[in-house]
Each structure stands twice: as structure tokens, then as C-alpha cells.
Chemist: 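Below are the C-alpha cells for one structure; questions will follow.
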Amino acid sequence: MAYPGHPGAGGGYYQGADGQIDADELQRCLSQSGLSGAYKPFNLETCRLMISMLDRDMSGTLGFNEFKELWAVLSGWRQHFMSVDADHSGTVDSQEMQKALASMGFRLSPQAINAITKRYSSHGKITFDDYIACCVKLRALTDSFRRRDAAQQGMVNFQYDDFIQCVMSI
């Protein structure tokens, strides 16, 4: 995969003069890359979420290596989405989403699946863009939880400020 901001990629430079890609540039880059395929382009909020997932220096941007990692993750999630979209409708329903999350290792209650479906669906259907937003948030929240669950007991204590920082950074 050629880096869409790289001169050899056939397109212009998408990153700023500092070699970083912000959410607006990421949205343009991914829209022109064809990664979303037949699905609608990623919205700006999903691009912000994707950046927050890999933005280790908290700059609000992605560098080349972070972008390569994002591209790999997105490609995997796209393949996964296509495999769980049993009727090839371009969306997944609650049952397909439950299967998708279970196959990714998320052990969630029916109530949690219901909450996810309500949050990310329109008329009970989850689009690719919303699927990616959900996966990004679940991955980030799970990583934050695991960092705090040193004993791996499935429980953590959060101070309110720490909780707000965790949730708002995603």
C-alpha cells in the first residue's frame, strides 16, 4: 500500500508541512483511497476517533507509521465487516453485530449489545462508518480498562476525573 500522502501514491500530499495527518486530511485521504469501497465515505467524527486510537503523542494527528498501522487495522475491520454482513446489504443488524463483536473477543451482555445497536444504528442497521466508529471506541475503552485492571479481574476503580479523561479522549 502506498502512503496516500507519498509522492508515489499518485495523489497530492495529504499531510501538513510537518508530515502529520489531521482529521480533515485523513477524511480526504480515506475517501480517495477506495478503502470504504461501496460504502459511504467516513465522516469527520469517525476520522477523529481513528486518530485518537493511535495518536500516542496526543498531537491530534497521525504520522506515517501511525497511518500505516491505521490502514492495516481498517483493512482488517473492512474484511471483517464484509464477512459478517451475511445478506451483503452494506449494513449489519444487531445479530450480525453481536457475532462480529464475539468473534473479535468481546464478551458483552445482551444489554450491552442492545446499547451498542441503539447508539450506532439507524433503523436497526449499522453502516460501515458507524461500525468503524464502534470498533474504535470499543478497542480504546477496552485498552483503557485493561491498563487499569492490573490484576485482570474484570473490575477497576476510576476516580471521576480519570473516567472523564478516559471517555473524552476517545
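As the structure is a computational prediction, the values presented were derived from the model and not from experiment.
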Chemist: So if you build clusters from Ile, Leu, Val, Met, Phe, Trp, Tyr with side-chain heavy-atom gaps below 4.5 Å, do Met104 and Met50 land together?
Modeler: yes
Chemist: How many angstroms lie between atom CG of Asp93 and atom NE2 of His123, to the nearest 0.5 angstrom?
Modeler: 15.0 Å
Chemist: In a table with atom names and distances, give each donor-acceptor pair under 3.5 Å that connects a side chain of residues 105-113 to protein atoms at least two apart or in another chain.
Modeler:
residue	atom	partner	partner atom	Å
Arg107	NH1	Ala102	O	3.0
Ser109	OG	Gln111	N	3.4
Ser109	OG	Gln111	OE1	3.3
Ser109	OG	Ala112	N	3.0

Chemist: Quick one: pull up NZ in Lys125 and CG in Asp85 and give me the separation to the nearest 0.5 Å.
Modeler: 8.5 Å
Chemist: For a side-chain contact (heavy atoms from CB on, under 4.5 Å) check, start with the C-alpha distance between Leu49 and Met53, then their side-chain angles and the critical distance, and finish with the verdict.
Modeler: CA-CA 6 Å; Leu49 287 169; Met53 177 179 71; over 6 Å; no
Chemist: Do Arg78 and Ser75 meet the criterion of a side-chain donor-acceptor pair at a distance under 3.5 Å?
Modeler: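 Absent: no donor and acceptor within the cut-off.
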Chemist: What are the two closest non-hydrogen atoms of Leu54 and Glu66, and how far apart are they?
Modeler: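 Where Leu54 meets Glu66 most closely, the heavy atoms are O-OE2, 3.1 Å.
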Chemist: Has Gln79 got a side-chain atom pairing as donor or acceptor with Gly76's backbone, closer than 3.5 angstrom?
Modeler: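 No.
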Chemist: Dump the intermediate steps for side-chain contact (heavy atoms from CB on, under 4.5 Å) on Cys134 and Ile116, then the final yes or no.
Modeler: CA-CA 8 Å; Cys134 178; Ile116 288 168; 3.6 Å; yes
Chemist: Look at the aromatic rings of Phe128 and Phe42 and report parallel, tilted or perpendicular, splitting at 30° and 60°.
Modeler: tilted
Chemist: Once rounded to the nearest 0.5 Å, what's the spacing between atom OG of Ser52 and atom NZ of Lys137?
Modeler: 9.0 Å
Chemist: How close do Arg48 and Ala23 get, heavy atom to heavy atom, and via which atoms?
Modeler: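 The pair with the smallest heavy-atom distance is CG-CB, 3.7 Å.
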Chemist: Once you round to the nearest 0.5 Å, how far does CH2 of Trp77 lie from CZ of Phe81?
Modeler: 13.5 Å
Chemist: What do you reckon, is CD of Gln95 surrounded by more than 12 foreign heavy atoms closer than 6.0 Å?
Modeler: no
Chemist: I would like to know whether Lys68 and Asn65 meet side-chain contact (heavy atoms from CB on, under 4.5 Å); could you show each step before the answer?
Modeler: CA-CA 5 Å; Lys68 283 190 338 186; Asn65 289 331; 3.8 Å; yes
Chemist: Under 3.5 Å, is there a donor-acceptor pair between the side chain of Glu25 and the main chain of Asp22?
Modeler: yes
Chemist: According to the salt bridge (Lys or Arg N to Asp or Glu O under 4.0 Å) rule, which pairs have a member within residues 153-170, sequence neighbours left out?
Modeler: Arg148-Asp162
Chemist: Assess the residue pair Leu30 and Trp71 against the criterion (side-chain contact (heavy atoms from CB on, under 4.5 Å)); give the C-alpha distance rounded to whole Å, side-chain angles, the decisive distance to 0.1 Å, and a yes or no.
Modeler: CA-CA 9 Å; Leu30 293 175; Trp71 186 268; 3.9 Å; yes
Chemist: Among Ile51, Leu26, Ile21, which one satisfies side-chain contact (heavy atoms from CB on, under 4.5 Å) with Leu70?
Modeler: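 That would be Leu26.
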Chemist: Is it true that a side-chain atom of Ser144 and a backbone atom of Leu141 form a donor plus acceptor pair closer than 3.5 Å?
Modeler: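 No: the side chain of Ser144 does not pair with the backbone of Leu141.
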Chemist: Which pair of heavy atoms, one from Ala86 and one from Glu96, lies closest together, and at what distance?
Modeler: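 Heavy atoms only, the tightest pair is N-OE2, 3.0 Å.
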Chemist: Just checking, is any N or O donor in the side chain of Asp87 or Ser89 under 3.5 Å from an acceptor N or O on the other one?
Modeler: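 Checked: Asp87/Ser89 side chains pair up, N/O donor to acceptor below 3.5 Å.
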Chemist: Does CG belonging to Asp57 count more than 12 external heavy atoms closer than 6.0 Å?
Modeler: yes
Chemist: Show every side chain to side chain donor-acceptor pair (under 3.5 Å) that has at least one partner inside residues 112-121, sequence neighbours left out.
Modeler: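 Side chain to side chain donor-acceptor pair (under 3.5 Å) check on residues 112-121 returns Ser94-Thr117.
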Chemist: Mark yes or no for whether Asp149, through its side chain, and Val156, through its backbone, hold a donor-acceptor pair below 3.5 Å.
Modeler: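 Between the backbone of Val156 and the side chain of Asp149 there is no qualifying donor-acceptor contact (under 3.5 Å).
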Chemist: Starting from Val167, can I reach Phe145 by hopping between I/L/V/M/F/W/Y residues whose side chains sit under 4.5 Å apart?
Modeler: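 Result: yes, single cluster for both.
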Chemist: How long is the span from the CD1 atom in Ile132 to the NE2 atom in His80, to the nearest 0.5 Å?
Modeler: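 It is 11.0 Å, given to the nearest 0.5 Å.
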Chemist: Look at the side chain of Asn43 and the backbone N and O of Asp129, then say whether any donor-acceptor pair between them is shorter than 3.5 Å.
Modeler: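 Such a contact is absent between Asn43 side chain and Asp129 backbone.
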